[in-house]
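What follows is a set of notes on a single structure, which appears directly below.
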Amino acid sequence: MERLYWVRHRCLQLISTDRRRGWYSPPSSLPAKSSLDAQDPLVQRLTGKRRVVVSQCDPHQAEYHSFSKGFQDNSIRTTKYTLISFIPMNLFQQFHRAANLYFLFLVLLNWVPVVEAFQKEITMIPLAVVLAVIAFKDAMEDYRRYRYDKKINNTLTHVYSGKQKQYVERRWAEVCVGDLVRLCCNEIIPADMVLLHSSDPNGVCHIETANLDGETNLKQRQVVRDLPQQGSEFVPENYSSHIECENPNNDLRRFRGFMDHPGKVRVGLHSENLLLRSCTVRNTETVIGIVVYAGHETKAMQNNSGPRYKRSKLERRLNMDVLWCVILLLLMCLIAAVGHGFWLSGRQNPIYMIPDDTHPALAAFYMFWTMIIVLQVLIPISLYVSIEIVKLGQIYFIQNDLDLYNPVLDTGVQCRALNITEDLGQIQYLFSDKTGTLTENRMLFRRCIVAGTEYPHHENAISLEQYEEQGCGDADHSLTLRSRTSRKSLSCKSLSCNRSSVSLNTLTAESDTHSVHDTLRRHTPGAGAFSSTMECAVVPDPQLQAGLNTLSSPMRSPVRQQAAEISHILDFFLALTVCNTVVVSSPTQPRHVVQMPVVRTPLRSLEEMKAMFQKLSLPRFPSSPSQNTDTPPSLTKKLFTRGRSASYFPNNSPQTPITTLQSPTAEELLYEAESPDEAALVQAAKAYGCTLLGRSPEQVLVAVPGTGPLSIPLLHVLPFHSARKRMSVVVRHPLTGEVVVYTKGADNVIMELAEADGFCREIMERTQRHLDQYARDGLRTLCVAKKVLEEQEYKAWLKRHEYAETSIENREELLLESAERLETNLTLLGATGIVDRLQEEVPESIEALQEAGIKVWVLTGDKQETAINIAFACKLLRPTDHILMANCDSKETCEARLHELQHEIRQVTKEGMSEDDGSDCVLVIDGRTLDYALQKELQGSFLELTCCCRSVICCRSTPLQKSQVVRLVRDKLKVMTLAIGDGANDVSMIQMADVGIGISGQEGMQAVMSSDFAISRFKFLRKLILVHGHWCYTRLANMILYFFYKNVMYVNLLFWYQFFCGFSGSTMTNSWVLIFFNLLFTSVPPIIYGMLDKDVSGETLLDLPDLYKSGQNSQAYLPSTFWMNILDAFYQSLVCFFIPYFAYAGSDIGVFSFGSPINGSALLIILLHQLIESRTVTWIHTALLLFSALFYYAFVLLFSLTCVTCNSPTNPLGIETKMMSEPLYFLVCGLTTVLALLPRILCRAFRSTICPSDLVRAQKMERLSAQDYSTSLRQWKENKAAQRLSSRHVPQNLSVNADMPHLTECIAEAGAVLS
């Protein structure tokens, strides 16, 4: 059928004028293909090719060999080199650097006789040292990879052998596509396999993906549907199905394909059927799978891209200045060449020159290249290696900072990008997610709305307040996913896998209501994911509890109006219990699987409850179309031929009560959810007696008040999608037998999909009013709805849905369209309000970042009211701020609104402002308006408006919009951006920013895996940026400037000498000292300087965030700073050359004797120059400076005593010893050093005294006593506040958008913060 559809619509596509679709188009009744995948650059799109996988067992050998051509084996190799290829490949990669190519060119140039300046071997030394150091580092890294590869490839697993008719041990490297692999509990999966068999009766397997994505909560996988051998022992020879799936790609959450069973039965394959390489089997005794991807074709290896590398802003500036040095070198060489030509032209055959027929112009040309070799040191070859070493040292100190360590998670900062540490010190814009980044993302149920009636849960609010007052300790307050699930995972490992499958018929359905004090005293050891002690503590609302108690009262019969309310209340809590992907476990047992429970007499008979639900006409609420409950069993069987069993009881069937045996009570159940919202809602339903007892792929076991456990057939799960902003489940109602769709999602989305006729409109209006109040109170809101399907409607949808499930190309789009077709004309059941507390120290951190001059933007998917309330709570908004609203329904309205706000700001700016008004503007824009503002025509107006605002809050924004905003600001404003988030929806934003930071929070590790740096709490961002960022930037900038300075200074000494030697390319020092001067004698101190120097202490940087602005403005490394250092180097070289020149003028000393005091003076000047520039002088700095000086003198003395022919044709023997025996040598060195450094010392003293910078003032403050320091700190902040106040030009009164009148109340309640 699929191929017929394809042929038909391929023909339609060929004659269609719409060329925007791909080579495959969906059926005409389906919407056109969306561009979801195009928004994700990480997902590799298919090229129309597929792979067919068959078993490698003996009966299928011929077929296997016909399909398996080109499949990779399972061996992996992450090394770059082999023993044979290491040297050529490493050299090839190193010579991709322009600097290395430059010095290789100089080495080769020195081998040309007419331009040779030094001995050929000496010229090779700098390049050889640099190449050797980097090669050694690369070799050590590659050797570590080799050892890891060898360990992995030699790991053993069990593969079925067709010849031996049994499973045999085989190395991972020997596993091939088509092999049948058997794994036991706690074994690691060797390749990507489709799950064919599980020891679990329901065909369920649990895996832990910590090795893959860092998430420690378990994932559920299931056997392929309709396998003939499922439920019995798996016989490999009997497996004859074919798998057709997509080609290898790197999308961990997508697997598209289908399996053809014997008899032409086709079943779709999904990610739930795939066991990924590197994951670990948990809580399942045995699983068997067939390998579909092996080795480097597995999804784990496709995502193994290694560390992240970016180019920092400072590095880009460095490359530009290297080009300036090249230009300066060429200019100096040109001067020397021209000078040499004129010098030769002015002399006719002098007696001291060897006769040569070379024309002066040609000799000048040769001299140009000779001077390139002589002055090569001007380009700092060791600078790039030094920068790499310094950055590694900076990363070491960041990762070992105890102030950034979280003892609960046992984690510190993770530096995943190795070369952008200095960018942390130049951030100008910070883009932050809200939920899980600014807030805890540990959701606590607060209140709810059912059928338009609000249930305030006052006692629940009191218990939350008491909990907050008690504090519950920092450890529990910071409890997050990793600490909870890791303990659970460890405990699972110690369990016997033979007892890992425990059925839920050992659980009771007891559920009662606890008092506030009992609830607060309750403790659940080893809580599961998103399930801490307080998250279990929901105190029911008395009015809502009374309605549900009617179900468990056998003596009462509700009237029609009460029954209608009870029906909606029960549906509401059933939706909360069922519409999720929560996995159930207990403190002492692993995950339970669902089996049909045994018998017990319920408090109210099921027949009586079914009659109540079926016979009510529900006059208060519009009833959804319902089916006749007298459905013949044959229809039931037909509906569930896909492997799912129904457990409802039609009226013509005998009543079958349900019971359970005594075992761990429902209070001991633990819930592991993929999101904290789900766990909070399931816990809330549990507090009202609707307890989720277990889950399998086919059914959900739920305890309902008055009935005991009910087995609810689970027909379909339509998972949450960022485009739909909702999830749904399709179930067969346990009481009415109807096919029901339960949906929960964002309130604005559900409201648009809900029916708005008759009394439903009034319910929606009342619900919307309560939702607005919830948002103003800072609560997260979700709406819950349902839809009852007629059997024919369900069967029609099912047919289309099965087609989407079995499609390979465009499956995600087809499934999305299928879900959207089902989720229409919903009946609104109610809504929930969930508390998400702020993380500790978030307000202080944001306030400090704003004082540092960083513009903080919040990009969230929440409602505007919720976002504004959170912004007030975290001090992003202040009571005096003016909120500019932008909520528009069209592009034209958006353009007019942006111009209106700009005009109003300009008008008020012209009028000025009173000096006592400290207000600022904050723009709040919704997702729809943001879509218009991001269009090319409005980008300029949008950015112009945001530049006038202190902060921006983007509400209802999608992941794509987040990344678009970051890219727009980064590219158009040319600023340094940082994005921080904790969830998968923040990945695109994190990757788009110059610096991406992931928070290891409650939403998995996707953000961390995609980030440059990872932290566990938002508060750590404050020190990471303000302290370490400032230090890293300042240290590296000063070190780079110092390298340029010392190279230019020393090279100029050689240049000045050319004026006295006829521009002949001669030098006044031997070539060994010339090469080693910058390579060895003066290279180590700046490296330590770049790692340890502190211009200001960390405490002062935190007390005075204003100091961070020096990095934002690149004050440490401006173009003017670079050229001032170059000019200072020229001046010092002049002093260093001409003082010895005049001191020894008229004497008979030789050339090398003249160069001895010049070299000694240059060494002292360069080392003391660094001492002047250092803000921190420790024993390490002092020791290294002394070591460098002693190393130089030891080398030159030893060289002078032992080398006779080391510098042919000259003889340096005894020169240094003779010069150092004369007092004039030391007098010249001392005088030269003082005069060379005096201007820098005087300039620094003048600048620090007359016009000190903020950094200099802070350095002076640090030398004060504690009391004086506090006084100075207070005065500093007062002065800065006064300066900011006087420099502001913002409007005093801006109107709030008329489209959002209720926000005036929100602004008036600005003092309300989250509990």
Side-chain angles (χ1 to χ4, degrees), residues 443-464 507-516 518-519 522 524 531 534-553 556 558 562-580 582 584 602-604 609 612-613 665-671 673 677-694 700-710 712 733-735 742 744 782-784 786 829-835:
M443 310 303 182
L444 306 178
F445 180 84
R446 172 63 183 84
R447 56 208 300 185
C448 67
I449 311 160
V450 182
T453 302
E454 205 268 336
Y455 298 96
H457 290 73
H458 293 304
E459 291 187 357
N460 192 43
I462 294 173
S463 69
L464 290 176
L507 299 178
T508 65
E510 297 177 3
S511 179
D512 53 5
T513 305
H514 293 265
S515 67
V516 174
D518 291 339
T519 300
R522 190 186 312 163
T524 305
S531 182
M534 197 56 202
E535 288 167 328
C536 301
V538 177
V539 182
D541 184 88
Q543 182 182 355
L544 190 56
Q545 182 71 51
L548 276 178
N549 285 342
T550 307
L551 294 177
S552 56
S553 176
R556 294 179 54 190
Q562 290 177 332
E565 292 187 19
I566 295 170
S567 174
H568 270 67
I569 292 172
L570 184 58
D571 266 328
F572 175 78
F573 283 110
L574 275 178
L576 296 187
T577 308
V578 175
C579 190
N580 53 67
V582 172
V584 185
L603 296 177
R604 177 187 291 273
M609 294 187 65
M612 179 186 74
F613 279 94
T665 64
E667 294 300 329
E668 295 175 328
L669 293 176
L670 301 178
Y671 298 131
D677 299 81
E678 287 191 344
L681 296 178
V682 171
Q683 294 288 1
K686 178 183 173 184
Y688 282 93
C690 293
T691 305
L692 176 63
L693 298 177
V700 179
L701 192 62
V702 178
V704 178
T707 68
L710 292 178
I712 304 177
H733 200 287
L735 302 177
Y742 287 117
K744 71 174 181 183
L782 283 174
C783 280
V784 182
K786 79 165 187 175
L829 296 175
T832 61
I834 299 176
V835 174

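Everything numeric in this text was worked out from a predicted model, so none of it was measured. As a basis for the values below, the full set of heavy atoms in this structure was taken, side chains included, without hydrogen atoms, waters or symmetry mates.
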Of the non-hydrogen atoms in [X] and [Y], which two are nearest, and what is the gap between them?
X: G689; Y: P705; value: O-CD, 3.6 Å
X: P540; Y: A687; value: CG-O, 3.5 Å
X: R447; Y: P456; value: CB-O, 3.7 Å
X: C690; Y: F573; value: SG-CB, 3.6 Å
X: V538; Y: A684; value: CG2-CA, 4.1 Å
X: T832; Y: L576; value: CG2-CD2, 4.3 Å

- Message: To the nearest 0.5 Å, what is the distance between CG on L782 and SG on C448?
- Response: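 If I round to the nearest 0.5 Å, the distance is 12.5 Å.
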- Interatomic distance, T691 atom OG1 to L701 atom CG [nearest 0.5 angstrom]: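 The OG1 atom of T691 sits 10.5 Å away from the CG atom of L701.
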- Task: Before giving the answer on side chain to side chain contact (heavy atoms under 4.5 Å, CB included), spell out for Y455 and Q545 the whole-Å C-alpha distance, their side-chain angles and the decisive distance to 0.1 Å.
- Result: CA-CA 10 Å; Y455 298 96; Q545 182 71 51; over 6 Å; no
- Between L574 and I712, does a side chain to side chain contact (heavy atoms under 4.5 Å, CB included) hold up when you go through it step by step? CA-CA 10 Å; L574 275 178; I712 304 177; 4.1 Å; yes
- Query: For D541 and Y688, does a side-chain donor sit closer than 3.5 Å to a side-chain acceptor?
  - Reply: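 Looking only at side-chain atoms, Y688 and D541 do not form any donor-acceptor pair under 3.5 Å.
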- Query: Using the ring of each side chain (for Trp, its six-membered ring), is F445 parallel, tilted or perpendicular to H457, with breaks at 30° and 60°?
  - Reply: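 F445 vs H457 ring planes: perpendicular.
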- Item | Criterion side chain to side chain contact (heavy atoms under 4.5 Å, CB included) on K744 and L681, from CA distance to verdict | CA-CA 11 Å; K744 71 174 181 183; L681 296 178; 4.1 Å; yes
- Message: Evaluate L544 against F572 for side chain to side chain contact (heavy atoms under 4.5 Å, CB included), listing each step before the verdict.
- Response: CA-CA 11 Å; L544 190 56; F572 175 78; 5.6 Å; no
